[in-house]
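The structure appears below as structure tokens.
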Amino acid sequence: YHLIFEYSARLVNNRMALGPDEDCNGSAVGTGIYPYASLLNHNCRPNALWQTYKKNVVIIRAQEHIKKGQEIFIAYLDTTMESKDRKDELFKNYGFYCDCGGCASGDVDEVQFQGGKLDELVEANDIEAINVLPAHNMTVIQKLQREFDDSIRYDRDPEKAYKLGERILSGMSFWLENEKVKHISRPDFRRACGVQYMFMGELALALTKDPRITQAYLHKAETILKITDSEESTVFNRIKKIRSLLLVLHAAHQQAYGKK
């Protein structure tokens, strides 16, 4: 029994999700053990990002310049969580309290939840406070992302999804561009921003928006994803398909215009 418990604990503590890239939203289809990757320690402000691709190969990608002899860190959880919640989650699942810079200072907690947390305000029925929540409030972004996913998967309403996506990017752009927070390393969230830009390029094409809008979204997506992802990832294949379709539609338009 001792060995069973020991190996069960090792599995729980060292498992890594399989296939988070396939859905482009981080959805996992299972877990696996990667002996070398499991040696990497956690940091809520990591300098590397891990993903699994086809054939369940794990890839660790540096997200910044890592000097020789410098430790490589990955994140074991969602880095957009509040510092207190991250500490509790890490202790619950891995048995340690995180003392990284992000947790010690609570660096973005105040800005991230500026105006309050949406679910708490809804529970308190504080309509006035809800109406003035800033676009970059993480609970607002997360709610809009859920609505965005539902509008595509269940409602199948691209126009509704596009409008929601614009609101999501309004909040995400704050974290990507604001001088006070853009330097904070949260590669999982940064990748989510890149994927959102990709989705918007896809929707812009489907809704026959100005091709320049589609190109702008794809350019922003690639700028982010070329750092977070391997070119073997699903997102890059999707971007290539969007560009190909854009060229086909442009050629068809040119041909039709020429006939006139």
Side-chain angles (χ1 to χ4, degrees), residues 20 23-28 44-45 75 77-93 98 102-204 206-207 209 213 216-217 220-221 224:
D23 191 273
C24 295
N25 285 319
S27 297
C44 294
R45 302 293 175 254
L77 43 57
D78 178 0
T79 61
T80 65
M81 295 169 66
E82 190 173 8
S83 56
K84 178 184 180 302
D85 294 335
R86 293 199 306 270
K87 286 184 177 182
D88 291 344
E89 188 77 11
L90 288 166
F91 184 76
K92 176 184 175 182
N93 292 327
C98 184
C103 285
S105 64
D107 50 11
V108 295
D109 286 350
E110 185 176 348
V111 180
Q112 187 165 256
F113 303 108
Q114 183 179 340
K117 296 182 180 180
L118 182 58
D119 55 343
E120 294 177 359
L121 295 176
V122 169
E123 187 175 348
N125 198 31
D126 193 339
I127 306 300
E128 184 177 348
I130 292 172
N131 289 335
V132 295
L133 282 175
H136 67 263
N137 183 294
M138 196 58 68
T139 60
V140 172
I141 293 175
Q142 290 167 347
K143 178 178 181 295
L144 290 173
Q145 284 182 308
R146 291 192 294 270
E147 293 179 358
F148 178 86
D149 290 344
D150 288 346
S151 66
I152 293 176
R153 297 184 182 188
Y154 305 116
D155 300 337
R156 299 189 181 278
D157 187 341
E159 192 65 56
K160 178 182 177 182
Y162 189 83
K163 291 177 181 178
L164 287 166
E166 288 181 314
R167 293 173 62 190
I168 292 169
L169 289 179
S170 174
M172 285 181 163
S173 62
F174 171 86
W175 295 104
L176 295 174
E177 299 167 8
N178 186 278
E179 292 295 330
K180 293 182 179 180
V181 296
K182 70 178 185 180
H183 66 283
I184 295 172
S185 178
R186 298 194 293 182
D188 55 338
F189 176 68
R190 190 171 183 82
R191 181 181 189 272
C193 295
V195 170
Q196 186 64 45
Y197 276 118
M198 180 203 71
F199 281 143
M200 291 300 287
E202 212 165 38
L203 287 169
L207 294 169
K209 302 286 185 182
I213 295 176
Y217 281 133
K220 289 183 177 180
I224 295 171

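Numbering of residues begins at 1 and proceeds along the displayed sequence. All heavy atoms count here, side chains included; hydrogens, waters and symmetry mates do not.
Separation of atoms CG (Leu118) and CD (Gln142) is listed at 10.0 Å; rounding is to 0.5 Å. Here the CZ atom belonging to Phe189 is positioned 15.0 Å from the CE atom belonging to Met81, to the nearest 0.5 angstrom. Going from atom OH of Tyr162 over to atom NZ of Lys209 covers 5.0 Å, rounded to the nearest 0.5 Å. To the nearest 0.5 Å, the span separating CG on Leu90 from SG on Cys44 amounts to 5.5 Å. With values rounded to the nearest 0.5 angstrom, Asp157 atom CG is found 12.0 Å from Asp150 atom CG. The line from CZ of Arg191 to CE of Met198 is 8.5 Å long, rounded to the nearest 0.5 Å.
Here the side chain of Ser170 pairs no donor or acceptor atom with the backbone of Glu166 at under 3.5 angstrom.
For Glu177, the side-chain hydrogen bond (donor to acceptor under 3.5 Å, both in side chains) test picks out no residue, with sequence neighbours left out. Applying the side-chain hydrogen bond (donor to acceptor under 3.5 Å, both in side chains) test to Lys84 and every residue at least two apart in sequence or in another chain returns Asp88. When the side-chain hydrogen bond (donor to acceptor under 3.5 Å, both in side chains) test is applied to Thr139, the partners found at least two apart in sequence or on another chain are Asn137. By the side chain to side chain contact (heavy atoms under 4.5 Å, CB included) test, Ala161 is found to be paired with Phe148, Ser151, Ile152, Leu203, residues two or more places apart in sequence or in another chain being considered. Listed by chain and number, the residues in a side chain to side chain contact (heavy atoms under 4.5 Å, CB included) with Lys182 are Glu179 (sequence neighbours excluded). Applying the salt bridge (Lys or Arg N to Asp or Glu O under 4.0 Å) rule to Lys160 yields the partners Asp155; only residues at least two apart in sequence or on another chain are considered. Checked against salt bridge (Lys or Arg N to Asp or Glu O under 4.0 Å), Glu147 has the following partners two or more places apart in sequence or in another chain: Lys143. For Asp78, the side-chain hydrogen bond (donor to acceptor under 3.5 Å, both in side chains) criterion is met by Thr80, not counting sequence neighbours.
When all heavy atoms are compared, the tightest approach of Lys87 to Cys103 is CE-CB, 3.6 Å. Nearest heavy atom pair, residue Cys193 against residue Leu176, reads CB-CD1, 3.9 Å. Nearest approach of Ile213 to Ala204, heavy atoms of both residues: CG2-CB, 4.3 Å. Closest of all the heavy-atom pairs between Leu77 and Asp188 is O-OD2, 3.8 Å.
Screening residues 192-204 for side-chain hydrogen bond (donor to acceptor under 3.5 Å, both in side chains) gives Glu202-Arg238 as the qualifying pairs, with residues at least two apart or on separate chains. The side-chain hydrogen bond (donor to acceptor under 3.5 Å, both in side chains) pairs that include a residue from residues 106-117 are Arg45-Asp107, Glu82-Lys117, Ser83-Asp109, Gln112-Arg186, Gln114-His136, where partners are two or more places apart or lie in different chains. Among residues at least two apart or in separate chains, there is no side-chain hydrogen bond (donor to acceptor under 3.5 Å, both in side chains) pair with a member in residues 123-132.
Taking 4.5 Å as the limit, every side-chain heavy atom of Ile184 sits out of range of all side-chain heavy atoms of Trp175. Side-chain contact between Leu164 and Arg167: present, with at least one pair of heavy atoms (C-beta onward) separated by less than 4.5 Å.
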- Query: Checking side-chain contact (heavy atoms from CB on, under 4.5 Å) for the pair Leu169/Tyr217: CA distance, chi angles, key distance, verdict?
  - Reply: CA-CA 10 Å; Leu169 289 179; Tyr217 281 133; 3.6 Å; yes
- Message: Under the criterion side-chain contact (heavy atoms from CB on, under 4.5 Å), I'd like the reasoning laid out for Phe174 against Val181: C-alpha separation, chi angles, the key distance, then a yes or no.
- Response: CA-CA 8 Å; Phe174 171 86; Val181 296; 4.0 Å; yes
- Give the intermediate values and the outcome of side-chain contact (heavy atoms from CB on, under 4.5 Å) for residues Ile141 and Met138. CA-CA 5 Å; Ile141 293 175; Met138 196 58 68; 4.3 Å; yes
- Query: Can you list the steps and then say if Asn93 with Glu89 is a side chain to side chain donor-acceptor pair (under 3.5 Å)?
  - Reply: CA-CA 6 Å; Asn93 292 327; Glu89 188 77 11; 3.0 Å; yes
